[in-house]
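The next block holds one structure in the form of structure tokens; read it before the comments.
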Protein chains: 2
Amino acid sequence: MKGKGKATSFDIAHYAGVSQSTVSRALRNSPLVNEETKRRVREVAQQLNYKVDKNASNLRTQQSSTLALLLFEDPTGDDSQINPFFLNMLGSITRACAKEGYDLLVSFQSTSDDWRAEYEDSHRADGIILLGYGDYMDYKSRLQRLLENDTKFVCWGANVDGRPDLTVRCDNYGGGKLAAEHLVKINRTNAVFIGDASDHCPEFFDRFKGFKDGLSEHGIVFNERNIANAISTEMSGYHATRSLIANNVKFNALFAASDLIAIGAIRALQEAEINVPHQVSVVGFDNIAAASYVSPSLTTVQQNTTLAGQMLVANLLNLIHGEAVESTLLPPKLIVRQSSLQKIG
Amino acid sequence: MKGKGKATSFDIAHYAGVSQSTVSRALRNSPLVNEETKRRVREVAQQLNYKVDKNASNLRTQQSSTLALLLFEDPTGDDSQINPFFLNMLGSITRACAKEGYDLLVSFQSTSDDWRAEYEDSHRADGIILLGYGDYMDYKSRLQRLLENDTKFVCWGANVDGRPDLTVRCDNYGGGKLAAEHLVKINRTNAVFIGDASDHCPEFFDRFKGFKDGLSEHGIVFNERNIANAISTEMSGYHATRSLIANNVKFNALFAASDLIAIGAIRALQEAEINVPHQVSVVGFDNIAAASYVSPSLTTVQQNTTLAGQMLVANLLNLIHGEAVESTLLPPKLIVRQSSLQKIG
DNA sequence: CTGAAAGCGCTTACAG
DNA sequence: CTGAAAGCGCTTACAG
């Protein structure tokens, strides 16, 4: 049935009694080929377990049918603990690629590395999807370089200067507002913010700005001193909250820039015997799986990772095919759970 | 500096004043090439931002420098909620591949699909890593088929009949024993098991058997009726535990086949106002990130995903290179947290 | 140490 | 509708 090496289109041609060119056409479903011929070719191909050699066809057509996913990690992160939010994104991107008939090459890169790998990937893939966390300032210059090299890419979250069409992101500002409005509604407005409210982390900054504006629309002024810096880990959220408590800051609401931070914050509050939600209402951001597991379960602003993955892939493919791509903003959604519950009134 | 299309080895040859063959040799660091010539070639290559075309070199050498990762998912699972344990594995496999200079192609596949995709992947990659959850019985025949096709692959967890060298797994039996010994030590031996104790899920079954034997070595007989079936989700663990409570089963210890199950179990217990750990000690399996976030934090048997990823990749590469591969069993490790605490005595 | 040439397995004008 | 032929960009015997 099958020789030592893999079957080639010449083998199929031989058994089907046609030329190799016809085999190639038949398998690509060219309208030029007679239906009956196609049928015969396909049958033989299946019997010989033949599959088109991707390297050969890619070389010939000068494309790869492959997208690359580059995950930038914060170098401080533990080796095996990747932010679950990005892992979810990875899942949905993988699915979206498969649906479009593209392979997905995955690589991780520390933000401190030189950016050689991106460039290499640009030769193996038709385009790149960038998922980054960590400091945006490090990140920014590399985006610029990718642009100069005319590489096709789309970014999650981060803005590419002058090219908003290359970004897919959640409406972080709007999400921050949702959080604020929720807290206003349950009458918890003496709030603190845990996260990074600076240019170094534009996503967190937008969440913060939306939050602040959301409060101010209801006449509540956010006290800028009520910010504690944190990166997106449980540990960091824990320590930031502890320091707030240690500094004797008083508050009845806590908005965390991410769920991981919020989960760490709840731990710090509970350790200090501050009851959540009775004394402090906590709202996170992302809606990772753990948000519903922790106790009290976490009220949070959901980012739709399934849709995000689809949009990232769709936009990148449009870009590759030279079609117009628009800036994509995904709507966030408030998920109310127990960490913010309070009887109204 | 750079023309429209990408630079080829002929361009480098032109600028470096050597033949294209020499460029190829120099870039592959062949000992045949003069050091000075190498230096010059490399310099030009870098200036032109040249990278070897993978499709061409793979086609020529008849290999791909690519491994494929196939994630089998239980079709019941929610679209975007992949078991975090496997996501961690994915992370470590990606890193291990990168370290060995291999690319990683990732694909997901529902266990209910026909297995066409595996086979296709076998044409694009030098080998396949299989990560599966869901029902092993569905899974088994496909492994057999891969074997028949002489595909190079390694499996996480699942046994390949007659080829133990193709499996990398955690010592699930030993892990179950660790759980039992811990509960014996804290004097909590009236235990229930939540998970699937059947051939359909050999990993869970091994955990169960180790657990049972661990108890019996201390003269404690596990009551076989104290098993509640569950698949590896929080929901399933929750429902299984609820039914146990509803059936009025009395117990002071609970061993869950996975952390997700354990987390669901804790929720069910807390809902029924059964205190963890004071009335029931809970032990999970995996040590996913959430295990340390939930409250009480979860005592669990850790699987070393970093090592697992490395071994999976290392074994697969050995297999591809025709070297001897041994069956690999990774040692589990007990992580004691608050869900099982009890004053001894 | 270096170069000229063959060939990996396809796709696609070109010619019928 | 079909076939013969060129060529994608490499790697590697072969010859010097």
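Chain identifiers are assigned alphabetically (A, B, ...) following the order of the sequence lines, protein sequences preceding nucleic acid strands; residue numbering begins at 1 within each chain. Note that the structure is predicted; figures quoted are calculated from it, not measured.
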(message) Given a 3.5 Å cut-off on both pairing distances, which stems involving DNA chain C, each at least three consecutive Watson-Crick or G-U pairs, are present, if any?
(response) C:1-3 with D:14-16, C:5-12 with D:5-12, C:14-16 with D:1-3
(message) Suppose we screen for side-chain contact (heavy atoms from CB on, under 4.5 Å). Which residues come up paired with Ser9(A), at least two apart in sequence or across chains?
(response)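 Listed in chain order: Gln20(A), Val23(A), Tyr50(A).
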(request) Mind checking side-chain contact (heavy atoms from CB on, under 4.5 Å) for Arg28(A) and listing every partner two or more places apart, or none if nothing turns up? (result)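 With neighbours one apart ignored, the set is Ser24(A).
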Please report the distance, rounded to the nearest Å, between [atom1] in [X] and [atom2] in [N].
X: Arg28(B); N: dC10(D); atom1: CZ; atom2: C1'; value: 9 Å
X: Asn29(A); N: dT11(C); atom1: CG; atom2: P; value: 13 Å
X: Asn58(B); N: dC10(D); atom1: CG; atom2: C1'; value: 10 Å
X: Lys51(B); N: dC10(D); atom1: NZ; atom2: P; value: 12 Å
X: Leu59(A); N: dC8(C); atom1: CG; atom2: P; value: 13 Å
X: Lys54(A); N: dC8(C); atom1: NZ; atom2: C1'; value: 17 Å
X: Asp53(A); N: dG7(C); atom1: CG; atom2: P; value: 18 Å
X: Leu27(A); N: dT12(C); atom1: CG; atom2: P; value: 13 Å

(message) Could you tell me how far dA5(D) sits from dC1(D) if I compare only their P atoms? Round to whole Å.
(response)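 It works out to 24 Å between them.
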(message) Rounding to an integer number of angstrom, what distance separates dA13(D) and dG9(D) when you compare their P atoms?
(response) 23 Å
(request) Indicate yes or no: does Glu43(A) engage Arg39(A) in a salt bridge with an N to O separation below 4.0 Å. (result)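 Salt bridge flag = yes for Arg39(A) with Glu43(A).
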(message) Looking only at the side chain of Ser24(B) (C-beta and beyond, no hydrogens), which of the listed nucleotides dT12(D), dT12(C), dC8(C) gets closest?
(response)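 Nearest to the side chain of Ser24(B) among the choices is dT12(D).
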(request) State, yes or no, whether a side-chain contact exists between Phe86(A) and Leu71(A) at a heavy-atom distance under 4.5 Å. (result) yes
(request) Under the side chain to side chain donor-acceptor pair (under 3.5 Å) rule, collect the residues that match up with Asp165(B), sequence neighbours excluded. (result)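 Asp165(B) satisfies side chain to side chain donor-acceptor pair (under 3.5 Å) with Arg163(B) only.
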(request) With sequence neighbours excluded, tell me which residues meet side chain to side chain donor-acceptor pair (under 3.5 Å) with Glu326(B). (result) none
Hey, what are the protein-to-nucleotides 1-3 of chain C N/O distances that come in under 3.5 Å?
residue	atom	partner	partner atom	Å
dT2(C)	OP1	Thr37(B)	OG1	2.8
dT2(C)	OP2	Asn34(B)	N	3.1
dT2(C)	OP2	Thr37(B)	OG1	3.4
dG3(C)	OP2	Ser19(B)	N	2.8
dG3(C)	OP2	Ser19(B)	OG	3.0
dG3(C)	OP2	Thr22(B)	OG1	2.7
dG3(C)	N7	Arg25(B)	NH1	3.3
dG3(C)	O6	Arg25(B)	NH2	2.4

(request) Give a yes or no on whether the backbone of Phe85(A) and the side-chain of Asn88(A) come within a donor-acceptor separation of less than 3.5 Å. (result)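 Between the backbone of Phe85(A) and the side chain of Asn88(A) there is no qualifying donor-acceptor contact (under 3.5 Å).
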(message) Please check: side-chain N/O of Arg25(B) versus main-chain N/O of Ser30(B), any donor-acceptor pairing under 3.5 Å?
(response) no
(request) Carefully, step by step, assess Asn58(B) and Ser64(B) under the rule side chain to side chain donor-acceptor pair (under 3.5 Å). (result) CA-CA 5 Å; Asn58(B) 288 343; Ser64(B) 65; 5.7 Å; no
(message) Please classify the nucleic acid contact of Thr8(B) as base, sugar-phosphate, or nothing, using heavy-atom distances under 4.0 Å.
(response) sugar-phosphate
(request) Would you classify Thr61(A) as touching base, sugar-phosphate or nothing, given that sugar-phosphate means primed atoms plus P, OP1 and OP2, and contacts are heavy atoms under 4.0 Å? (result) sugar-phosphate
(message) With a 4.0 Å limit, can you tell me whether Arg60(A) has a side-chain N or O closer than that to the phosphate oxygens OP1/OP2 of dC8(C)?
(response) no
